[in-house]
Structures are given as structure tokens and as C-alpha cells.
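Below is one structure; the comments refer to it alone.
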Amino acid sequence: MENARLFETERRRLEELSIISDVALAGAAGLPWDETVARATDSLARLWPDARVSFLFVDEADQSLRLHPSARGVSLEIIAGLRIPLNQGITGWVARERQPVRVGDVTADPRYVIGMPDALSEMAAPLVSGERVIGVVNIESPRLNAFSGDDLRLLTTLAGQLATLFEKARLDAALEEERASLARRVEERTAELNIANAGLRQAARAKDEFLASMSHELRTPLNAILGLSEALQEQVFGSLNEKQTQVSAYH
């Protein structure tokens, strides 16, 4: 009997180390935000296979917790519509107080306001990055008193590592989005400059064509005037009086 207990303890410890290793490897791989959260959800589900694992993240805009779509055993309709105010529910309490919690019977806990169907016991730990609480990791079970103190200690340890991992993934995603946005702005500005340059080139061509046309249009009557002036100076059409001679010489 003692050997069986020791074997189970060691097996659980190896599983825990495997989960911690998965978390570390996910951080090193630089996975996208949603994939990082989904990977963490799958890893925790291996530790508590009969429980519902979910991550809720703080929405600063309305001061609520929003359930991430990676949550297992929860319909997409519930995920899309679920908003837990930070002043309500067990998870709201965890986010507000920055404290992990283990509840053997949620129906007897005054903090339990919003819950999933069939959940009887629950444990949760805050995801703290620096000075900020970015969310909560929540585990729910359909059994009473499903979680031990060791379970909560492990979840709290994992939550600390996951918070760092999630924040890194979020910052990487924000940086990538900023890079993409900058690239789009550069492309748009380049396109605008190309259009402007094309317009300037077209205007320059139109100016050259206009000047060439005007030069031609002006040259024809000017040549005639110059020819007539020379003919008058040479008195081809007869002699000029003194005034005409002065005007002709002036031109």
C-alpha cells in the first residue's frame, strides 16, 4: 500500500515537472498569444483530467474578466458572452485580491456568483505580471473537495510562470502588430508619393507641351512681323517719312 502511494506521488511529481517544462518550452518557442494560452490549457488539463480548465483575462476597458476561447468543456456561446466583473465571483475576488483560493463546495461560498454548469469545487490563482494582474487561471470540478492544498500550491507556481509567458506573448503580438502597421503606413505613404510624383511628371509634361505649343504659335506671327519690319526698313514698299523711319528703326 505504501509503495503504491509512493509510486502515485512520484508519478504526479513527474507530471508536474512535465507541465512546468511545457510552459518553459512554450515561452522559448515564442508562440502566438492564442496558441500559447491553448497550449497552457492543454497542459493543465493533463494534471486535472476530470476538471474544467480555463483562463480569464482582465479587460481594462470595462474592468471585467473575459473567458479565453481555449477553455475546455465550455460552449462558444458562453465564452463569447461571459463577462465577470472584478467585484463579483470567486475569480473576480482572486483578481482583485491577488490571492489564490481553493473552495471545496462552491455552493456554500458567498463569493460564488457566476459559475459553469455542474461545477461543485473550484480553485483559482491570479496571473500577475509585474505590478499588474492580467488574469486568472481557474480549475472547476464536478466533485466536492476535488482539490488539495498541494494542487493549489502547484497551480499558484504555474500561474506565476504562465503570467510571464502570457505577457511576453502579448507584447510580442503587440510588437508584431506595430511592425505590420508601420509597414502598411510606409506602403501607403510610398503609394501616395508615387501618385504625387506621377502627377508632377504629368504636370511637367503638360507644361513642356504648352510652352512648345505657345512657342510655335508665337513664332509664326513674330516671323511675319519681323519680315515685314525688315521689308519696311529696306523700303521695299516705297520710301518712308521721317516718323515711319524712326518707328521702323525702333522695331
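As a basis for the values below, the full set of heavy atoms in this structure was taken, side chains included, without hydrogen atoms, waters or symmetry mates. These figures come from a predicted structure and were not determined experimentally.
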Where do [X] and [Y] come nearest, in terms of heavy atoms and distance?
{"X": "P126", "Y": "V94", "answer": "N-CG1, 3.4 Å"}
{"X": "V133", "Y": "A95", "answer": "CG2-O, 3.7 Å"}
{"X": "L65", "Y": "G92", "answer": "CD1-N, 3.9 Å"}
{"X": "V37", "Y": "S70", "answer": "CG1-OG, 3.5 Å"}
{"X": "V103", "Y": "I90", "answer": "CG2-CD1, 3.9 Å"}

For this session: Could you note down all residue pairs passing salt bridge (charged side-chain N to carboxylate O under 4.0 Å, His left out) where residues 147-167 supplies at least one of them, sequence neighbours left out?
Result: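 Output for this query lists R12-D151, R132-E167, D150-R153, E167-R170.
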Any side-chain heavy atom of [X] sitting closer than 4.5 Å to one from [Y]?
{"X": "S121", "Y": "N145", "result": "no"}
{"X": "H68", "Y": "D34", "result": "yes"}
{"X": "S129", "Y": "I134", "result": "yes"}
{"X": "L47", "Y": "L158", "result": "yes"}
{"X": "E140", "Y": "V53", "result": "no"}
{"X": "R66", "Y": "V58", "result": "no"}
{"X": "F55", "Y": "L67", "result": "no"}

Problem set entry | Crowding at CD, Q202 (>12 non-hydrogen neighbours, <6.0 Å) | no
Exercise. Do L120 and L155 share a hydrophobic cluster (ILVMFWY, side-chain heavy atoms under 4.5 Å, transitive)?
Worked result: no
For this session: Decide whether L86 and Y112 are clustered together by the hydrophobic rule: side chain heavy atoms of Ile, Leu, Val, Met, Phe, Trp, Tyr closer than 4.5 Å, transitively.
Result: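 Yes, one cluster joins them.
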Exercise. Measuring from S54:OG to N138:CG, what's the distance to the nearest 0.5 Å?
Worked result: 4.5 Å
Exercise. Can you list every pair that meets side-chain hydrogen bond (donor to acceptor under 3.5 Å, both in side chains) and has a residue in residues 93-106, with sequence neighbours left out?
Worked result: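 Counting only pairs at least two positions apart or across chains, the side-chain hydrogen bond (donor to acceptor under 3.5 Å, both in side chains) contacts touching residues 93-106 are D105-T107.
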For this session: In sequence, state the C-alpha distance, the side-chain angles, and the governing distance for L127 and L162, and then conclude on side-chain contact (heavy atoms from CB on, under 4.5 Å).
Result: CA-CA 7 Å; L127 300 167; L162 289 170; 4.2 Å; yes
For this session: Apply side-chain contact (heavy atoms from CB on, under 4.5 Å) to L165 and T36, showing your working.
Result: CA-CA 8 Å; L165 175 61; T36 300; 3.6 Å; yes
Exercise. Between M123 and F147, does a side-chain contact (heavy atoms from CB on, under 4.5 Å) hold up when you go through it step by step?
Worked result: CA-CA 7 Å; M123 65 175 177; F147 308 111; 3.7 Å; yes
